[in-house]
Amino acid sequence: MILSIARAEIDQQTHAHVLGAWSDMVTLDHPAGLVRCWLTQAPDRVEILAIWEDREAHDRALTEEQDHPAYRVFDPSGTNVMHEVFDVLGEISIPR
């Protein structure tokens with residue numbers, strides 16, 4: 001598994017566009033290999049964190065730009081995005 005993080009600083013006007021694009025993405029088909037995806041907000045930025053089955057699935061979604069969550073959410077607003085990818089070396093799941 002890998003974790004991808006797409007991070008962008010956005011202003012208040014862009015914030016509404018990003019939330020709208022996220023809402024649209026929730027109802028659309030999702031790229032093959034996407035396991036989980038979160039939209040998070042810190043005081044100075046919005047991030048999309050995604051867990052992928054493997055790097056090939058992530059890279060395939062990047063190649064097909066309409067499929068990757070970062071493109072779907074940030075591109076329509078013209079937001080500059082920083083994108084990082086990490087190998088997941090371990091996981092702890094706490095049952096609830």
Side-chain angles (χ1 to χ4, degrees):
M1 278 193 289
I2 65 165
L3 166 70
S4 68
I5 302 175
R7 159 181 313 121
E9 293 181 14
I10 60 171
D11 57 27
Q12 194 61 32
Q13 180 180 359
T14 306
H15 189 268
H17 291 286
V18 166
L19 291 181
W22 174 263
S23 294
D24 291 344
M25 193 186 80
V26 170
T27 62
L28 298 172
D29 290 335
H30 301 105
L34 180 64
V35 176
R36 293 192 84 163
C37 193
W38 300 269
L39 179 67
T40 65
Q41 181 175 336
D44 61 338
R45 68 184 178 276
V46 171
E47 296 178 336
I48 298 173
L49 293 87
I51 298 289
W52 299 85
E53 289 177 355
D54 53 36
R55 190 170 293 272
E56 290 77 26
H58 172 266
D59 293 349
R60 189 172 44 255
L62 275 178
T63 302
E64 301 163 4
E65 295 182 3
Q66 275 80 13
D67 272 353
H68 198 281
Y71 286 109
R72 288 184 181 183
V73 172
F74 292 123
D75 270 12
S77 66
T79 305
N80 185 27
V81 179
M82 185 174 85
H83 193 150
E84 297 177 284
V85 179
F86 303 91
D87 291 313
V88 176
L89 300 179
E91 174 185 6
I92 298 173
S93 294
I94 310 300
R96 295 184 177 215

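All figures in this text were calculated on a predicted structure; none of them were measured in a lab.
The number of heavy-atom neighbours closer than 6.0 Å to CG of Asp11, taken from other residues, nucleotides and ligands shown, is above 12. Summarising the local packing, CD of Gln13 is surrounded by 12 or fewer heavy atoms from other residues, nucleotides or ligands at distances under 6.0 Å.
Between the CZ atom in Phe86 and the CD1 atom in Ile5 there is a gap of 4.5 Å [rounded to 0.5 Å]. Here CG of Leu3 is found 4.5 Å from CD1 of Ile51. Values are rounded to the nearest 0.5 Å. Put simply, CG on Asn80 and CG on Asp75 are 10.0 Å apart, with the number rounded to the nearest 0.5 Å.
The main-chain N or O of Met25 is found under 3.5 Å from a side-chain atom of His30 such that the two form a donor-acceptor pair.
Between Ala57 and Ala32, the shortest heavy-atom contact is CB-O, 3.6 Å. Heavy atoms only, all atoms of each residue included: His83 and Ser4 are closest at NE2-CB, 3.6 Å.
In this view, Asp59 and Arg55, Leu62 satisfy the side chain to side chain contact (heavy atoms under 4.5 Å, CB included) rule, not counting sequence neighbours.
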List the atom pairs, donor and acceptor, that lie under 3.5 Å between side-chain atoms in residues 33-48 and the rest of the protein, sequence neighbours left out.
{"from": "Gln41", "atom 1": "OE1", "to": "His15", "atom 2": "NE2", "distance (Å)": "2.9"}
{"from": "Arg45", "atom 1": "NE", "to": "Glu47", "atom 2": "OE2", "distance (Å)": "2.8"}
{"from": "Glu47", "atom 1": "OE2", "to": "Arg7", "atom 2": "NE", "distance (Å)": "2.7"}
{"from": "Glu47", "atom 1": "OE2", "to": "Arg7", "atom 2": "NH2", "distance (Å)": "3.3"}

Just list the side-chain donor-acceptor pairs under 3.5 Å for residues 89-96, sequence neighbours left out, or say none.
{"from": "Glu91", "atom 1": "OE2", "to": "Ser93", "atom 2": "OG", "distance (Å)": "3.2"}

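Note on Val88 and Leu49: same hydrophobic cluster, where clusters join Ile, Leu, Val, Met, Phe, Trp and Tyr whose side-chain heavy atoms are under 4.5 Å apart, directly or indirectly. Clustering ILVMFWY residues whenever any of their side-chain heavy atoms sit less than 4.5 angstrom apart, transitively, puts Trp22 in the very cluster that holds Ile10. Linking Ile, Leu, Val, Met, Phe, Trp and Tyr whenever their side-chain heavy atoms come within less than 4.5 Å puts Leu19 and Val81 in one cluster.
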